[in-house]
Every structure is written in C-alpha cells, then in structure tokens.
Amino acid sequence: MTRSVTLDELDRRLIHALQIDGRASFSRIASVLGAPERTVARRYHRLRSELVVRVVGLVDSRRIGMLDWFVRIDCTPDAADALATALAQRDDTSWIAPLAGGTRLTCMARTPAAGAEGGRPLFDHLLRTPGVRDVEAGCVLRPVAGVGGWAGRTSALDASERAALLGAPGEPVDGPDDALAPPKAAKGPVAAENPEDVRVAAGESEPGWGAADARLAGELGRDGRADGAATGTT
C-alpha cells in the first residue's frame, strides 16, 4: 500500500536547494534555508527513506565519445518481464519502462559512437534475444530537458537564496548522504538517425574514460550522494 507523504515548507525548500546544487553541503544549505544543519540533514534522510527524493548521477555521453539512444522494444507478452529485468541489470541502459499492453518496453541506452571499437553490444544482444520481435532506436542528437537545471519546476527559494547556493561551486561534501550529485543534463530524443550517420563532434569527448570511470559513474548512478570512500576514490 502506498503511503502519502506531506511536504511542509522546509521540505520544499530543501528539495529546491538540492535541485540547484546537489553537491552542496548540508551546512551551506542550512545557512541559506535559515535552519539548523542537523534539522536539514534529518529532513533529507526522511525524504530519502520515504522515497520522496532520489538522487542519481548521470553521464553526459557526448563528453566520453558515446551516444544516447531512445529504444522501443516490441516483444511477446511472456518475455516482457524477464527482458525488463535483464535490461535493468545492464550498465549501458536506464529508464526502463513497460508500455500499455505489456508487449512493448522503452529504455535509454548508451553505445559507442559510430566506427568506435566495441560495436553496440545492447543492440546485438536484443537481436538475439528470444521473444523480441522488433527494435526501434532513435539517437539523441542534443539535450532538451534539464539543460542548466530545472527552472520553473519549483519556486520555494527566492532569487537571492538561489544565487547564494550557486555562489560556492566545487564545495567538498560533508560525507556519505550529505550532498547530492547533480545529474548531468537529461536527454530527450529529438530525431532518429541511422547509427552510421551520427558522429561525435571532434574535441567534445573527454580523454581517458575507462573502466574505473565507468565504475565510479555506476556508483553515482545508484547513489549520487556517495562520498569518496563509498565510490572507492579515496
């Protein structure tokens, strides 16, 4: 049974603050909100434990020489649940969701750019999966929603409070669960392209993205507030 959660003014102000700067320490958030630091910390833990707030880190695929895809999968009814579970366990997928009727799934997928080594293992796997009848994929050519934050989603903080939160970039976090990792710009498909026609612009990708970076991104994808000890970076 789903339990209703009522948000008061402090809850809404805390959520707005975390949307503005997810890596802000509780001490800085508390100073902006005018509330005790321990109170702010307790509020966050309560909201998180009651599944009101969830923080995840997302990778900007273009900066690591990868491509994002919006994928639709048509499958048999008996294969949908197992396929959704298998997709959720992969490191190169996100936002898996069933559609009405129980025979179609959607997800976001990340693949190497055209011509890169490694191919596209997800698409290759889907084509060999029993019960999959058809796969459609649209490449995300540019970010749409979430670029530069989520302006207009909430107005709990005024302009001066928002400016105060943005005035100290790069501040260290307090520790585990004491700061949020702000997600990179959310992606939305704006056009479908042949995979071989899509190229990553020269100079955009970050050098040196490897297995350690992927593991770190995976940890932040599970808990965007994880500190260095939790992610193995200390």
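All values derive from a computational prediction rather than experimental measurement.
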Seminar exercise, completed: Heavy atoms of W69 and V140 approach each other most closely as N-CG2, 4.4 Å

For this session: Answer yes when D223 and R48 have at least one side-chain N-carboxylate O distance shorter than 4.0 Å, and no when they do not.
Result: yes

For this session: Only counting residues at least two apart or in another chain, list the ones meeting side-chain hydrogen bond (donor to acceptor under 3.5 Å, both in side chains) with S160.
Result: D158

Seminar exercise, completed: Smallest heavy-atom separation, L14 atom then Y44 atom, equals CD2-N, 3.6 Å

Exercise. Is V135 close to V71 at the side-chain level, that is, under 4.5 Å between some pair of heavy atoms?
Worked result: yes

For this session: Can you sort out the partners of R90 under salt bridge (Lys or Arg N to Asp or Glu O under 4.0 Å), two or more places apart, ordered by chain and number?
Result: D92

Problem set entry | Ionic contact status for E9 with R12, cut-off 4.0 Å | no

Seminar exercise, completed: Taken to the nearest 0.5 Å, the spacing of R62 CZ from L67 CG works out to 10.5 Å

Problem set entry | Distance (rounded to the nearest 0.5 Å) between F70 CZ and W95 CH2 | 12.0 Å

Problem set entry | Transitive ILVMFWY side-chain link L83 to L99, under 4.5 Å | no

Exercise. How would you list, by chain and number, every residue that makes a side-chain contact (heavy atoms from CB on, under 4.5 Å) with V32, sequence neighbours excluded?
Worked result: E161, A164, L165

Exercise. Can you name the closest pair of heavy atoms from L10 and A35 and give their distance?
Worked result: CD1-CB, 4.2 Å

Problem set entry | Qualifying residues under side-chain contact (heavy atoms from CB on, under 4.5 Å), relative to A79, sequence neighbours excluded | T76

Exercise. So how far is it from R110 CZ to M108 CE, rounded to the nearest 0.5 Å?
Worked result: 9.5 Å

Exercise. What residues form a salt bridge (Lys or Arg N to Asp or Glu O under 4.0 Å) with D11, not counting sequence neighbours?
Worked result: R43, R46

Exercise. Hey, mind stepping through D68 and T111 against side-chain contact (heavy atoms from CB on, under 4.5 Å) and telling me if it holds?
Worked result: CA-CA 7 Å; D68 284 324; T111 73; over 6 Å; no

Problem set entry | Contacts of T39 that satisfy side-chain hydrogen bond (donor to acceptor under 3.5 Å, both in side chains) - sequence neighbours left out | R42

Exercise. Does D81 CG have over 12 foreign heavy atoms under 6.0 Å away?
Worked result: no

Problem set entry | Value rounded to 0.5 Å, distance of CG in L33 from NE2 in H16 | 11.0 Å

Problem set entry | Straight-line distance of E37 CD to S31 OG, nearest 0.5 Å | 9.5 Å

Seminar exercise, completed: Sorted by chain and number, sequence neighbours left out, salt bridge (Lys or Arg N to Asp or Glu O under 4.0 Å) with R72 holds for none

Exercise. Among all residues two or more places apart in sequence or in another chain, which pass the side-chain contact (heavy atoms from CB on, under 4.5 Å) test with T103?
Worked result: D74, P77, R133

For this session: Could you go through the side-chain contact (heavy atoms from CB on, under 4.5 Å) check for D124 and L122 one step at a time?
Result: CA-CA 5 Å; D124 294 341; L122 172 62; over 6 Å; no

Exercise. Considering residues at least two apart in sequence or located in another chain, which fulfil the side-chain contact (heavy atoms from CB on, under 4.5 Å) criterion with A84?
Worked result: I96, L105

Exercise. Is the backbone N or O of L87 less than 3.5 Å from a side-chain atom of T93, with the two atoms forming a donor-acceptor pair by type?
Worked result: yes

For this session: Check the pair I73 / V132 against side-chain contact (heavy atoms from CB on, under 4.5 Å), numbers first and verdict last.
Result: CA-CA 7 Å; I73 306 165; V132 172; 4.0 Å; yes

Exercise. Can you tell me how far the CG atom of L126 sits from the SG atom of C107, to the nearest 0.5 Å?
Worked result: 7.0 Å

Problem set entry | Pairing of D21 and R28 as salt bridge, 4.0 angstrom limit | yes

